[in-house]
Amino acid sequence: MAQTPTLLEEAPRLPEAPSETPKKKADRTHWLYILVIGAVVLGALVGLLFPELGKALKPLGTGFVSLIKMVIAPIIFCTIALGVGSIAKAATVGKVGGLALLYFITMSTFALAIGLFVGNIIHPGSGLQLKPYEAAGGAEENPTVKFLLELIPGDIPVLPTLVLALLVGFALQSMGKSGEPVLGAIRNIQAVVFRIMMMIMWVAPLGAFGAIAAVVGATGWAAIGSMAILMSAFYITCALFIVVVLGSLLRVVTGLSIFRLLKYLGREYLLIFSTSSSESALPRLIAKMEHAGVSKPVVGITVPTGYSFNLDGTAIYLTMSALFVSTAMGIPMNLGEQIGLLVFMIVASKGAAGVTGAGLATLAAGLAAHRPVLLDGMGVIVGIDKFMSEARALTNFTGNAVATLLIGKWTKEIDLEQSRAVLSGLRPFDEETLTADTH
């Protein structure tokens, strides 16, 4: 009995130790974000004031894109092979898992289609006339530049990698428990590949500086206008998707208000906005959805699975950005290619969660699968990717919150009276309870 007060006295101190680690990570991400913004602004100024110098800096952007191309195939292989296994595992969790997966696939497809629809209306990137680095001439004759670019390994074809990953995933499924060691090995390799991707992302400011300087140097204010149009259209599309599509679904199925849900998740949005990642708010979303009346089993299955398979904001970003690059390169995609891109992204986007730069790698994979030459136009996207990351993460997060409430209703595992009371503010969320539950 004498030990119990000691444990209780120590309990409040427990959150302090782990809270330091996320803080450091948030700080590093924050610095990367600031560096990219500074590089984009500086690159635009160099391109406007010193056009020839700006065009000469193009190899910086080309080198960064080459680094991304280097890890496309390993990322696609690991995420798809593991994803196939995750789908099978989730589907075995009865009605909840099956409904969740069906909903996630449907909404991801719908979000990808919305991105294509908006992209075809606004034609982002038109008039930029980007050219591959090899066609620029002059700069490639510099032996130092050529040597440095040749140090970066070549990329591996994406479509054969995708097919191989699917076959490996299904084969491991059929092996049952005997395939678990192999899945564990692939998971470890994925961790290494994502660590490499994180290292590459710290070179993003340099790549963004060179890419933006070259584009603005070649096209002037047209480049800045095109990038502003893409970012504005993306933010507006995400906002309309949340309010109109997700809001309507939530109202029709549960009778709850999307605006009250947004207010309820306000602290999580601030956390996501500061880190540009919805992963940082995962524990809080689980706790808040349970507090909102959804049963623990539904929340425990839907939220973690949704973080890998329900990426509405990322889906919109992928198709809009792909159309931006193809239009800017002067190689617009026809309807058949756009449908092919849609199908590819439905599968490949499942690996674009949780890791900085994975979305860029997935976008690069989609472009490489259709027209590899389009990869040379990705440097511009690198420069503005961070500007779109917040809307992407906020949309992903909101989509998973809505999905949890919907699936709770469909499986009759939600207390709607509690949900209404919580969202109306009558039963506020207890921050101390979250702290105790998550440690």
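We number each residue from 1, following the sequence as shown.
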Looking only at non-hydrogen atoms, find the nearest pair between [X] and [Y] and report the distance.
| X | Y | result |
| --- | --- | --- |
| Ala56 | Pro59 | O-CD, 3.2 Å |
| Pro205 | Ala39 | O-CB, 3.1 Å |
| Phe64 | Gly207 | CB-CA, 3.8 Å |
| Pro51 | Gly217 | CB-O, 3.6 Å |
| Met333 | Glu337 | CA-OE1, 3.3 Å |
| Leu285 | Ala401 | CD1-CB, 3.9 Å |

query: Going through the distances and angles, do Thr314 and Asn396 end up as a side chain to side chain donor-acceptor pair (under 3.5 Å)?
result: CA-CA 7 Å; Thr314 302; Asn396 291 342; 3.0 Å; yes

- request: Would you check, one step at a time, whether the test side chain to side chain contact (heavy atoms under 4.5 Å, CB included) holds for Met107 with Leu249?
  value: CA-CA 11 Å; Met107 288 305 293; Leu249 269 173; 4.0 Å; yes

Does [X] use its side chain to pair, donor to acceptor, with the backbone of [Y] at less than 3.5 Å?
| X | Y | result |
| --- | --- | --- |
| Thr404 | Met289 | no |
| Glu268 | Arg284 | no |
| Glu290 | Ala287 | no |
| Thr254 | Arg251 | no |

Measuring only between side-chain heavy atoms, which start at C-beta, is [X] closer than 4.5 Å to [Y]?
| X | Y | result |
| --- | --- | --- |
| Leu246 | Leu250 | no |
| Leu261 | Leu256 | no |
| Met227 | Val40 | no |
| Tyr317 | Thr395 | no |
| Val46 | Leu53 | yes |
| Leu45 | Phe50 | no |
| Phe241 | Asp312 | yes |
| Gln338 | Leu323 | yes |

Nearest-0.5 Å distance, [atom1] of residue [X] to [atom2] of residue [Y]:
| X | Y | atom1 | atom2 | value |
| --- | --- | --- | --- | --- |
| Phe234 | Ile122 | CZ | CD1 | 11.5 Å |
| Thr319 | Leu116 | OG1 | CG | 4.5 Å |
| Ser232 | Met388 | OG | CE | 11.0 Å |
| Ile105 | Leu101 | CD1 | CG | 6.0 Å |
| Ile212 | Leu60 | CD1 | CG | 12.5 Å |
| Ile200 | Leu67 | CD1 | CG | 5.0 Å |

message: Could you walk me through whether Thr302 and Leu99 satisfy the side chain to side chain contact (heavy atoms under 4.5 Å, CB included) test, starting with their C-alpha distance in whole Å, then the side-chain angles of each, then the deciding distance to 0.1 Å, before giving a yes or no?
response: CA-CA 9 Å; Thr302 306; Leu99 268 176; over 6 Å; no

Side-chain H-bond candidate by donor/acceptor type, Thr398 with Tyr269, under 3.5 Å: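 Tyr269 and Thr398 do have a side-chain donor-acceptor pair below 3.5 Å.
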
query: Given Val192, which of Ile189, Ile196, Asn188 fulfils the side-chain contact (heavy atoms from CB on, under 4.5 Å) condition?
result: Ile196

- request: Test Ile114 against Phe110 for side chain to side chain contact (heavy atoms under 4.5 Å, CB included), laying out the working first.
  value: CA-CA 6 Å; Ile114 287 176; Phe110 186 63; 3.4 Å; yes

query: Taking the six-membered ring for Trp, are His291 and Tyr264 parallel (under 30°), tilted (30 to 60°) or perpendicular (over 60°)?
result: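 His291 vs Tyr264 ring planes: parallel.
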
- prompt: Taking it one step at a time, do Phe77 and Gln190 satisfy side chain to side chain contact (heavy atoms under 4.5 Å, CB included)?
  reply: CA-CA 9 Å; Phe77 176 81; Gln190 183 191 47; over 6 Å; no

